[in-house]
There are 2 protein chains.
Amino acid sequence: MHANVKQNLAPLINPGLKLACSQCNLRELCLPFGLSETDMTRLDHLIGGGRKLKRGHHLYRAGDPFESIFAVKAGFFKTDVLTEDGRDQVTGFQMAGEILGMDGISTEVHACNAVALEDSEVCLIPFTELENLSSEIRTLQHHLHKVMSREIVRDHGVMMLLGTMRAEERLAAFLLNLSQRFTARGYSPAEFHLRMTREEIGSYLGLKLETVSRAFSRFQDEGLISVQQKHIRILDIRRLKTLLAPPDGRIS
Amino acid sequence: MHANVKQNLAPLINPGLKLACSQCNLRELCLPFGLSETDMTRLDHLIGGGRKLKRGHHLYRAGDPFESIFAVKAGFFKTDVLTEDGRDQVTGFQMAGEILGMDGISTEVHACNAVALEDSEVCLIPFTELENLSSEIRTLQHHLHKVMSREIVRDHGVMMLLGTMRAEERLAAFLLNLSQRFTARGYSPAEFHLRMTREEIGSYLGLKLETVSRAFSRFQDEGLISVQQKHIRILDIRRLKTLLAPPDGRIS
DNA sequence: AAGTTGCATTGACACAGATCAAAGGGGTAC
DNA sequence: GTACCCCTTTGATCTGTGTCAATGCAACTT
């Protein structure tokens, strides 16, 4: 299991990678959102430098002591949970501007693994210092709460997906979600490269990899998308969205 | 749909119900955990009184403006999400000492419905004031973050359940979780009353009510539990736990 | 006390998705 | 540049859970 994930060679923190939040083009998506110039400078001083990770390397592992949360500066991550009885599941995919590691706050120990799915870069945000600063900057405090709350709401969406949707609906929702997030980052809404395998998609969506593959093929046959390995092009986003409506289209 | 849920008659906030955190026997489970006497008194001043709800009444609805979070003082709640395409799913069941409403922080609007499953009572915690106070009391700030993080971790557990478990495993996990939470509150770990219907259990577990019912019956046939409508008695908790291990018992 | 109205149980059958299996293709490492 | 390995695709079959339907049970109402 996970033979494809290379060992983490403990990449070092590199202060040279430190790019001030105030200079970062992700600041509108990320933690500094809404901060004044002066407050953003204070946040700059707190960020503990950047960290680069090669594809396949762990940002953190379940069980690691919790010290920081991380902002994805570039690249793509997955998080997965592994229970003692041998089950494992991908709980999310994170892209630039998104925050990783908040699962560790409650127990002071990370509850899941975070793995880079391509060469990536994160900002390290020491959590105790973030709490210190956020008690002085109300905007920052409130935004941190919003970020955590958004994660809760997102998880509820995934629970809905896993609890009520059929395979094709799940995959459609997944593609639309990716499309929307890429759009928000200035990339094409219709054409993108999947960073994860069919198995990882399946794990996230509660499906087997064969089912994911078949659903992709069926979407392609129906002219909804074109698939070439990890290359996806959405051809008919409108029809893709209608897949999400349940068969009888009842409205409550 | 939801014809069984009575209309919310807008129960009023009752300052007379205000019981100080410092006097509450749930304080070790709830928000005041870890606070000093003096800090707890400050929290007391913030709590906006209690609110009683009859069974079937909404504490809040999706779309309501977000102003407060709530601590369950007594009773039992469910939260559910309802999407515009007509899907709905129970996202959680909350009992005494647990916090409700954190889904509303991110958008200033509640993202789900919260319904009392029995006559219940909550404490109202105005969120802006809580943020004010928590920026002065570091212990409170940190504990709030822990509570939110715990909710994220809990949701990941549910995602795991929905994504990887079979019907009987889901139900076993559900019963064990309830048992453990009742135990933490001083109730019997083995005997309890379900406050929710088979349909609500099914919605939470991503199953149809018939499947839930059949799984209960099979557990009873195998001597794991005894079921009489909503009355559950766990007869063999050890064997129930072994159900959670997947068939081949692989350990990663 | 009887009637009404959900809620729960149980059975028969259908089907979506899992499983098992085999072959092809593309990216990565050397 | 080449070879290997992993990822992906596709087919055939199996099975767990959903669906449809009917009956039973219990609590609440009048």
Side-chain angles (χ1 to χ4, degrees), chain A residues 1-6 54-57 78 87 89-90 117-119 161-172 193-221 225-232 243 246-248 250, chain B residues 1-6 54-56 78 87 89-90 117-119 161-172 193-221 225-232 243 246-248:
Chain A
M1 183 174 293
H2 287 313
N4 57 323
V5 174
K6 298 182 185 93
K54 288 257 169 239
R55 185 160 77 92
H57 284 214
K78 72 167 178 183
R87 281 175 224 281
Q89 177 159 28
V90 172
L117 294 181
E118 63 181 15
D119 293 358
L161 178 146
L162 292 170
T164 73
M165 291 188 185
R166 318 223 264 98
E168 294 193 357
E169 296 168 340
R170 294 182 199 192
L171 193 64
H193 205 82
L194 297 175
R195 273 74 172 180
M196 68 296 280
T197 66
R198 302 289 189 265
E199 184 169 20
E200 287 163 336
I201 297 172
S203 173
Y204 181 60
L205 299 178
L207 301 169
K208 292 294 161 184
L209 68 98
E210 295 95 329
T211 305
V212 173
S213 178
R214 276 187 249 269
F216 271 133
S217 299
R218 209 157 331 135
F219 284 176
Q220 180 160 249
D221 293 347
I225 64 175
S226 93
V227 193
Q228 252 170 317
Q229 302 292 127
K230 294 195 155 67
H231 226 93
I232 301 287
L243 280 186
D248 57 343
R250 78 196 111 89
Chain B
M1 185 174 290
H2 288 313
N4 56 324
V5 172
K6 298 185 186 93
K54 288 257 171 242
R55 185 159 79 94
K78 72 166 178 183
R87 282 173 223 281
Q89 176 159 29
V90 173
L117 295 181
E118 62 180 15
D119 293 359
L161 179 146
L162 291 170
T164 74
M165 292 188 184
R166 317 219 267 100
E168 295 194 356
E169 296 169 340
R170 294 182 199 193
L171 192 64
H193 206 82
L194 296 175
R195 274 74 172 180
M196 69 296 281
T197 67
R198 301 289 188 263
E199 185 169 20
E200 287 163 336
I201 297 172
S203 173
Y204 181 59
L205 299 178
L207 301 170
K208 292 293 161 185
L209 69 95
E210 295 94 331
T211 305
V212 173
S213 179
R214 278 186 248 268
F216 270 133
S217 299
R218 209 159 329 137
F219 284 176
Q220 180 159 248
D221 292 348
I225 63 175
S226 93
V227 193
Q228 251 169 317
Q229 302 290 127
K230 293 196 158 66
H231 225 93
I232 300 288
L243 279 186
D248 56 343

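A, B, ... follow the sequence lines: proteins, then strands. Residue 1 opens every chain.
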- Query: Along nucleotides 8-21 of chain C, 5' to 3', which nucleotides get a B, which get an S, and which get a -, given that the test is a protein heavy-atom distance under 4.0 Å?
  - Reply: SBBBB---SSSBB-
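Going from atom OG1 of B:T197 over to atom CG of B:L209 covers 7.5 Å, rounded to the nearest 0.5 Å. Taking CD of B:E118 as the reference point, atom NE2 of B:H193 lies at 8.5 Å (rounded to 0.5 Å). Note: A:H231 NE2 to A:I225 CD1 = 12.5 Å, rounded to the nearest 0.5 Å. The CG atom of B:L171 sits 6.5 Å away from atom CD1 of B:I201, with the distance rounded to the nearest 0.5 Å. Atom-to-atom distance recorded for A:S217:OG and A:R214:CZ is 9.0 Å, nearest 0.5 angstrom.
We find that CG of A:L117 is positioned 16 Å from C1' of D:dC6, with the value rounded to whole Å. Taking atom CG of residue B:L194 and atom P of nucleotide C:dC7, one finds them 14 Å apart after rounding to whole Å. The CD atom of B:E118 sits 14 Å away from the P atom of D:dC28 (whole-angstrom rounding). Atom pair B:L205:CG and D:dT17:P shows a separation of 12 Å (rounding to whole Å applied). Distance CG (B:L162) to C1' (D:dT17): 15 Å, rounded to an integer number of Å. Protein atom NE2 of B:H231 is 16 Å distant from nucleotide atom C1' of D:dA27, rounded to whole Å. Nucleotide D:dT17 holds its P atom 11 Å from the CG atom of B:L171, rounded to whole Å.
Salt bridge annotation for A:R55-A:D119: absent, with no cationic side-chain nitrogen under 4.0 angstrom from a carboxylate oxygen.
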